[in-house]
Amino acid sequence: MWRIKEFDDIVELVSARRLGDSLSMMENYFLTHPQLSGRDALSAVRSDYLLLMDYWKKGFDDPQRNTLYEQLLRHMYVVVADALLQHQLVQLPSLSSLHRAARQTRNDWSVASVKEVLEAYVSDTALLELDQPHMRQQKAERIYADHQQFMGGLFNHLCTSRQWTDSYARAVEDMLLSPTIDAHDQQHMLSAITIAAMNIFDMNKFNVLVHVYENTTDEPLRQRALVGWVFALDAAKARIYPELAETVQRLCSSEQCRKELTELQIQIVYCMAADNDSRLIKDEIMPDLMKGNNMQFTRQGLVEMEEDQLENILHPDTAERNMEQMEASMRRMADMQRRGSDIYFSGFSQMKRFPFFSKLSNWFLPFNPLHPEITQIWNQKKGNKFLKTITYLGAFCDSDKYSFVLAFNEVLSHLPEKMLQMIDDGEVSPMAVGGEVSVKEQHQPAFMRRAYLQNLYRFYRIFPQRSDFCNPFEPSTALFFRNSIFKETTLEHAMTEIVAFLIKQKMHQEAFAVLNNMGEKNRNAEYYIMTGNLQMRLSASATEHSMKASEAYSKALALLDIDDTDGLLREKALKGYARALFTEERFSEALAAYQKLLALTPDNRNILLNTAVCMINLKEYDEALKILFRLNYENEADTAVNRVFAWALALSGKYEQTTKIYNQLLSAEQRNASDLLNYGYCLWFQRDIAGALSLFRQYAEVEAVASLEQDFRMSEQSLLHEHGIGDTEIRLMLDAVNGL
C-alpha cells in the first residue's frame with residue numbers, strides 16, 4: 001500500500017514515547033504542506049505538553065504526570081493518523097472517489113441519523129406484507145433500491161472515516177449490536193470498518209471490532225468481526241496503546257477464541273494457496289470430469305452428445321472407467337473444499353468484470369437475492385430451480401454467488417432444454433462441482449469465516465485499485481501467529497499445531513517464524529522436536545537459529561525424561577535425534593540412539609537399516625552385515641536394503657556377492673547414480689580399471705565430471721587410500737573419464 005516515510009518516522013517517534021521530537025517533526029511537515037488541516041489539534045497537544053513541562057520545571061510533584069503524558073502521545077497519534085488519511089484521500093484514486101461519493105449523497109452520516117434510516121428500512125420491509133400483491137413488488141423494488149444506494153454511501157463514509165472518538169465508537173458499537181437493524185447491514189458496515197482500520201490503525205475501530213466479536217449473537221457478524229480485529233491488529237501500536245496487548249491477552253484466555261484463531265490461521269493459508277489449487281484442478285481434475293460425461297461445448301453452448309455405439313462395442317469398459325474417474329475427481333474436489341481449499345477462485349475470478357463489481361462496497365455484501373442488480377434474474381421463471389439450487393447448496397462465498405447469478409443470464413440460453421426440464425420436474429438435482437454443502441454445514445462458524453475470507457481474498461487479488469488498500473494477505477499480516485503481540489499469551493498452546501500444519505504445507509520458513517514466537521516458558525518437548533525437524537529441513541543460515549538439530553532433539557529428550565508420559569512422543573524425539581546425529585556425521589552417537597530405538601521396536605526395517613549404515617561408517621562391517629543379511633532375506637526385492645547390503649559387502653571384500661547385487665540394481669529401468677559410483681569403486685578395489693572407468697563415465701553423464709571429482713577428492717579420498725589407490729591414480733582416473 002502507498003506509504004509516506006515521514007509519517008512512518010513520526011509514528012515511530014510517538015511509539016518510542018519521544019513526544020517532543022514527534023511534535024517538531026509534525027510541525028515541520030505542516031509547514032511544507034499547508035493544504036493539510038490539523039494544525040489546531042497539533043497546537044493543542046503542544047500547549048498541553050509545554051504546560052506539563054512547565055509544572056515539572058517548577059518542581060511540582062504531579063501524580064498524574066505519566067497518565068497525562070500517555071494521553072498526549074495518543075492525541076499526537078490521532079493528529080498524525082488523520083493527516084495521513086488526508087494524504088491518502090488526495091493521492092489514492094479509489095479512496096478519493098469513495099470519500100467524494102459519500103459526501104455527494106448529502107446524507108447525514110451521524111450515528112443517530114444512520115440508525116434512524118436503518119431501523120426505518122427494517123420497518124418498511126416488514127410492512128410490505130400488508131400491501132396488496134400488485135403494489136407490493138413495485139414498492140419493494142423502490143425500498144431495496146433506495147436502501148442499497150444508502151448502504152453504498154455509508155460503506156464509503158466508514159471506509160474513509162477519520163480516527164474515532166470514544167463516544168462515536170460506543171455509538172457505532174451499539175448500532176452494530178442492535179436487534180432493530182438488519183443483520184446484513186451490520187455485516188456490511190463492519191467490513192467497511194475493517195478496511196478503514198487496516199489502512200490506518202485506529203484503537204477505537206479496533207475496540208469496536210473486538211466488542212462486536214465478543215457480544216453479538218449473529219454468527220456471520222461475529223466471524224466477520226474476528227477476521228476484522230485480527231487483520232487490523234498492529235503490534236507496534238501497543239507502545240502507544242498498552243491496553244491493546246491487554247485486550248489480546250484477554251481474548252486469548254478464551255478457549256473458544258484460541259480454537260477460532262487456530263482455524264482462522266489455517267484457513268488464511270489455504271486461501272493464499274488458491275493459485276496452486278487452481279492449477280491442480282485445471283491440470284488433473286477437470287480433464288477427468290470432462291471425460292466422464294457426454295456433454296460437449298460447442299458454438300451453440302453446452303450440448304448433450306449421442307453415445308458412440310461403435311466405441312461402446314470396441315471398448316465396452318471405457319464409459320464405465322471414465323465415469324469412475326469423474327466420480328473420483330468429484331470426490332477429490334469435495335475433499336479439497338472440506339479441507340478448506342478455495343476450489344472456485346480461478347473460475348469465478350473471471351466473472352468479476354460485471355459493472356456490479358465496479359462498486360467497492362459490493363465486494364463485501366452478504367448475498368441477498370433482493371439486491372436491485374440481481375433480483376430480476378433471480379425471479380425469472382426459466383432455469384429458476386437450477387439457479388437457486390446451485391446458489392444455495394454450492395460452497396460459494398457471497399462474492400461468487402453474485403457472480404454466478406449475474407453470469408447465469410448469459411449462459412441460460414446455452415443450457416440444454418432437456419436438462420433444465422428434468423431439474424424443474426425433480427427428476428435430477430443439479431450439483432455444484434465440488435459437491436453440495438448442506439444448510440447445516442453452511443451455518444457452522446468455520447464455513448462462514450472461510451466464505452468471508454474468500455470474499456476478501458477475491459477483492460485483494462482482483463479489484464483494479466487493490467493496491468490502494470492494505471492487503472491482509474501479505475505474509476507479514478496473513479501469518480498472524482508470528483505476530484509478537486501473541487507472544488507470552490495462552491495462544492502459544494496452539495502454536496505447535498500451526499507449525500505442524502505449516503510443515504505439512506512445506507512452508508518451513510513460516511513454520512520457524514511461528515515457532516520462534518513462543519516464549520521460553522512454553523517451550524516444551526514438542527517445541528524442541530519441531531525445532532529439530534525444521535533445522536533438518538533448512539540450513540542454519542536460512543533459519544537464523546543457533547541451535548543445532550541434535551541439540552534441539554536432546555532438549556526434547558531431557559524434558560521427556562523428566563515427564564515421560566508420552567511414549568510415542570519420546571520415540572519421535574529419539575528418531576529425530578538419531579537422524580540429526582547421523583546428518584552431523586556423529587556416527588557413534590547416532591548408533592547408540594538407533595540401538596535404543598531397536599530396544600523399543602526390534603523389527604523396524606528402517607531403524608535396522610539406519611543402524612547398519614551407522615556401523616558401516618564406523619567400519620563395523622561384520623556387525624552391519626549380520627543385520628543386512630537378515631533384512632535382505634526378509635526383503636529380497638527391497639532396493640534400499642540391497643543398496644546398503646551391496647556397499648557393506650564391497651567394503652568387507654566380498655566382491656562376488658557384491659557384483660551380483662549391483663548387476664540387479666543396475667538392470668532397473670531407472671538407474672540410481674549412487675549405484676554407478678559405488679559399483680565403480682567396487683571394481684576399482686578389484687583393479688578392474690576398465691570396468692570402473694565405464695561406470696564412472698556413466699555417472700559423470702548423470703551428475704557431471706565436477707561432481708565425480710568432488711566425490712574423489714572430498715567424500716571418498718580416505719576410502720580410496722585405504723584400498724591402495726593414491727592421489728596419482730585418482731588423477732589418472734579423472735583424466736580418463738574426461739576423455740584423455
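Position 1 is the first residue of the sequence, and the numbers go up from there. All heavy atoms count here, side chains included; hydrogens, waters and symmetry mates do not.
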Under 6.0 Å between the ring centres of [X] and [Y]?
| X | Y | answer |
| --- | --- | --- |
| F473 | Y457 | yes |
| Y594 | F582 | no |
| F645 | Y633 | no |
| W684 | F712 | yes |

Pairs flagged by side chain to side chain donor-acceptor pair (under 3.5 Å) wherever residues 595-604 is involved - sequence neighbours left out: D603-R630
Less than 4.5 Å apart, side chain to side chain, heavy atoms only: is that true for L719 and F685? yes
Under the salt bridge (Lys or Arg N to Asp or Glu O under 4.0 Å) rule, what do E520 and K487 come out as? Steps first, then yes or no, please. CA-CA 10 Å; E520 290 286 343; K487 195 166 189 172; over 6 Å; no
Using the rule given for salt bridge (Lys or Arg N to Asp or Glu O under 4.0 Å), can you reason through E571 versus K575, listing the C-alpha separation, both sets of side-chain angles and the distance that settles it, and then say yes or no? CA-CA 6 Å; E571 185 178 338; K575 283 180 180 177; 3.6 Å; yes
Tell me whether [X] is salt-bridged to [Y], with the criterion being a basic N under 4.0 Å from an acidic carboxylate O.
| X | Y | answer |
| --- | --- | --- |
| R458 | D342 | yes |
| R279 | D275 | no |
| E729 | R687 | yes |
| K626 | E620 | no |
| R258 | E492 | no |
| E263 | K259 | yes |
| R239 | E12 | yes |

Check the pair E709 / R731 against salt bridge (Lys or Arg N to Asp or Glu O under 4.0 Å), numbers first and verdict last. CA-CA 9 Å; E709 184 168 2; R731 188 68 261 168; 3.4 Å; yes
Side-chain donor/acceptor of [X] to backbone N/O of [Y], under 3.5 Å:
| X | Y | result |
| --- | --- | --- |
| Y553 | N533 | yes |
| N517 | F481 | yes |
| R449 | Q223 | no |
| E584 | S550 | yes |
| R697 | A736 | yes |

